[in-house]
Every structure is written in structure tokens, then in C-alpha cells.
Participant: 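Please read through the structure below; I'll follow up with questions.
Because the structure is a prediction, the values reported are computed rather than measured.
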Amino acid sequence: MTGKILVSACLMGHAVRYDGRSKPLVHSAIDRWREEGLLVTICPEMSAGMAVPRPPAEIAGGATGEDVLAGTARVMEITGGDVTAEFRQAAENALALATETGCRYALLIDGSPSCGSGLIYDGTFSGGRQSGRGVTAALLQQAGIEVYSDREIDRLVERLAATDTTIIAK
């Protein structure tokens with residue numbers, strides 16, 4: 001394999017989401033990659049010292065993770081707390097771990113203001129979603145790491161099979 005895969009801890013069954021739950025991703029590739037030692041697990045928010053459970057947070061004003069990284073948007077809790085600094089630190093921690101461990105790919109939970117790679121909540125706390133990346137997903141992508149959402153695991157399997165003949169898609 002030409003690189004490891006950074007994966008959201010909640011997808012690996014760890015109860016680290018804001019609501020204290022997990023969202024395990026069940027797929028034969030996950031089992032195989034785990035056995036092969038290719039998965040590097042992180043909850044970016046927990047790595048930045050955020051508690052579990054914690055108030056829901058969204059990127060305000062319909063902005064994206066790229067906007068947060070550029071300093072033009074904030075990550076706000078439903079309670080009104082500003083957690084932008086924590087989310088930026090979470091992204092930096094994830095990038096540092098990915099770099100240190102040789103991750104060329106990331107498999108992240110969609111919807112999160114940190115890990116969302118295709119969809120994020122719109123900042124209104126009404127359940128509305130929009131296209132965009134969370135802060136961690138945006139930073140990883142800017143650093144050249146290929147980011148996939150949990151809904152795109154089959155695409156990641158195909159990508160890895162195309163780049164390394166030793167990986168056999170099952």
C-alpha cells in the first residue's frame with residue numbers, strides 16, 4: 001500500500017461524537033484495512049481537548065471549513081459559544097498525525113463541522129445541510145491528502161485498487 005488511511009474515530013465505533021455516540025461504518029474494507037494495520041484513528045475534536053458529550057457546533061453563516069481556515073468564518077455552538085480555535089487546533093492535530101503516520105488518504109464522517117467532506121450543516125442548527133467541507137477535511141485536502149466521506153468508501157476502495165495492485169477489492 002502506498003499510504004495509510006486516517007479515519008474518524010466515530011466510524012471505528014468510538015463514542016466520541018458531540019452527543020456521546022459513535023456511528024460505526026460496517027464494510028469489509030474496514031475490517032481488512034484494520035487487520036493490515038493501515039488505519040490511523042482520530043477524533044479531531046477530542047484531540048483538541050473538547051469534551052464528550054459537547055454542545056452541537058456548526059460553521060456559522062453558511063460558510064465552510066476553508067472559510068474558517070482563511071479566518072473569515074467561525075464555528076459556533078448551539079449555546080452561542082465560539083469554538084473556532086478548538087476546531088482549528090483539531091484540524092492541525094489531525095494533519096500532524098496524518099503526516100507523522102504516512103496517511104495519504106482520509107475517511108471521515110460526513111456532516112461534521114470538522115470531518116464533513118461533502119456535506120456540512122448550514123450553520124442554522126435547523127438540520128439543513130449544504131455542500132462543503134469541515135475544517136479538518138479542508139486542511140487535509142489543502143495538504144494533499146485525498147479525503148473521502150463515509151458514504152464514499154467504495155470510491156476509496158476503487159482508488160486504492162487502482163493505485164496498488166496488492167490491494168484486491170472484495
Participant: What distance separates Cys115 SG from Glu45 CD, expressed to the nearest 0.5 Å?
Facilitator: 5.5 Å
Participant: I'd like to know if the side chain of Asp67 and the backbone of Thr64 have a donor-acceptor N/O pair within less than 3.5 Å.
Facilitator: yes
Participant: Compare every heavy atom of Asp19 with every heavy atom of Pro53, then report the nearest pair and how far apart it is.
Facilitator: CB-C, 4.1 Å
Participant: Any non-hydrogen side-chain atom of Ile109 less than 4.5 Å from a side-chain atom of Lys23?
Facilitator: yes
Participant: If you define the side chain from C-beta out and look only at heavy atoms, does anything of Leu39 sit under 4.5 Å from Ile30?
Facilitator: yes
Participant: Search all heavy atoms of Ala143 against all heavy atoms of Leu95 and return the closest pair with its distance.
Facilitator: CB-CD1, 3.5 Å
Participant: Is Arg34 atom CZ crowded by more than 12 heavy atoms from other residues, nucleotides or ligands, each under 6.0 Å away?
Facilitator: yes
Participant: Should Leu107 and Ile145 be counted in the same cluster of Ile, Leu, Val, Met, Phe, Trp and Tyr side chains packed under 4.5 Å apart?
Facilitator: no
Participant: Donor-acceptor pair, distance only, cut-off 3.5 Å: does the side chain of Ser8 make one with the backbone of Cys10?
Facilitator: no
Participant: Ignoring hydrogens, what is the shortest heavy-atom contact between Leu140 and Ala98? Give both atom names and the distance.
Facilitator: CD2-CB, 4.3 Å
Participant: Using a 4.5 Å cut-off between side-chain heavy atoms of Ile, Leu, Val, Met, Phe, Trp and Tyr, which other residues end up in the same hydrophobic cluster as Val16?
Facilitator: Met46, Val52
Participant: Enter the distance from Ile5:CD1 to Glu146:CD here, rounded to the nearest 0.5 Å.
Facilitator: 10.5 Å
Participant: Name all residues meeting the side chain to side chain donor-acceptor pair (under 3.5 Å) criterion together with Tyr18; count only those two or more places apart in sequence or in a different chain, and write none if there are none.
Facilitator: none
Participant: Quick one: hydrophobic cluster around Phe125, which other residues, with the 4.5 Å side-chain cut-off, linked directly or via members?
Facilitator: Ile78
Participant: Verify, without hydrogens or angle tests, whether Ser117 (side chain) and Ser149 (backbone) share a donor-acceptor contact under 3.5 angstrom.
Facilitator: yes
Participant: State, with a plain yes or no, whether a side-chain heavy atom of Val7 is found less than 4.5 Å away from one of Trp33.
Facilitator: no
Participant: Find the distance between CD (Gln130) and CD1 (Ile120) and round it off to the nearest 0.5 Å.
Facilitator: 4.5 Å
Participant: Mind listing the closest non-hydrogen atom pair of Gly3 and Arg104 along with its distance?
Facilitator: CA-CG, 4.0 Å
Participant: Between Arg54 and Cys43, which heavy-atom pair has the shortest distance, and what is it?
Facilitator: NH2-SG, 4.2 Å
Participant: Do Asp150 and His27 have a side chain donor and acceptor closer than 3.5 Å?
Facilitator: no
Participant: Do Leu6 and Leu156 belong to the same hydrophobic cluster, where Ile, Leu, Val, Met, Phe, Trp and Tyr are linked whenever their side-chain heavy atoms lie under 4.5 Å apart, directly or via other members?
Facilitator: no
Participant: Would you say Glu66 and Gln141 make side-chain contact, with heavy atoms under 4.5 Å?
Facilitator: no
Participant: Hydrophobic clusters here meaning ILVMFWY residues chained together by side-chain heavy-atom distances under 4.5 Å, can you tell me if Val83 and Leu139 are in one?
Facilitator: yes
Participant: Taking only residues two or more places apart in sequence or in another chain, which ones pass side chain to side chain donor-acceptor pair (under 3.5 Å) with Thr124?
Facilitator: Asp122, Ser126
Participant: Test your reading of the model: is there a side-chain donor-acceptor pair from Gln89 to the backbone of Pro44, 3.5 Å cut-off?
Facilitator: no
Participant: In Å, rounded to the nearest 0.5 Å, how long is the span from NZ of Lys4 to OG1 of Thr101?
Facilitator: 6.5 Å
Participant: Partners of Asp82 by side chain to side chain donor-acceptor pair (under 3.5 Å), sequence neighbours excluded?
Facilitator: Arg74, Thr84
Participant: Measuring from Leu25:CG to Leu108:CG, what's the distance to the nearest 0.5 Å?
Facilitator: 11.5 Å
Participant: Is there a path from Met50 to Leu69 through hydrophobic residues (I, L, V, M, F, W, Y) whose side chains come within less than 4.5 Å of each other?
Facilitator: yes
Participant: Same cluster or not: Val147 versus Val135, using hydrophobic residues (I, L, V, M, F, W, Y) connected whenever any side-chain heavy atoms lie under 4.5 Å apart?
Facilitator: yes
Participant: Where the side chain of Arg88 meets the backbone of Val68, is there a donor-acceptor pair that is under 3.5 Å apart?
Facilitator: yes
Participant: Could you report the tightest heavy-atom contact between Gly111 and Tyr121, atom names first, then the distance?
Facilitator: O-CD1, 3.2 Å
Participant: Out of curiosity, Tyr105 OH to Arg159 CZ, how far, rounded to the nearest 0.5 Å?
Facilitator: 4.5 Å
Participant: Among residues at least two apart in sequence or on other chains, which ones pass side chain to side chain donor-acceptor pair (under 3.5 Å) with Arg151?
Facilitator: Asp110
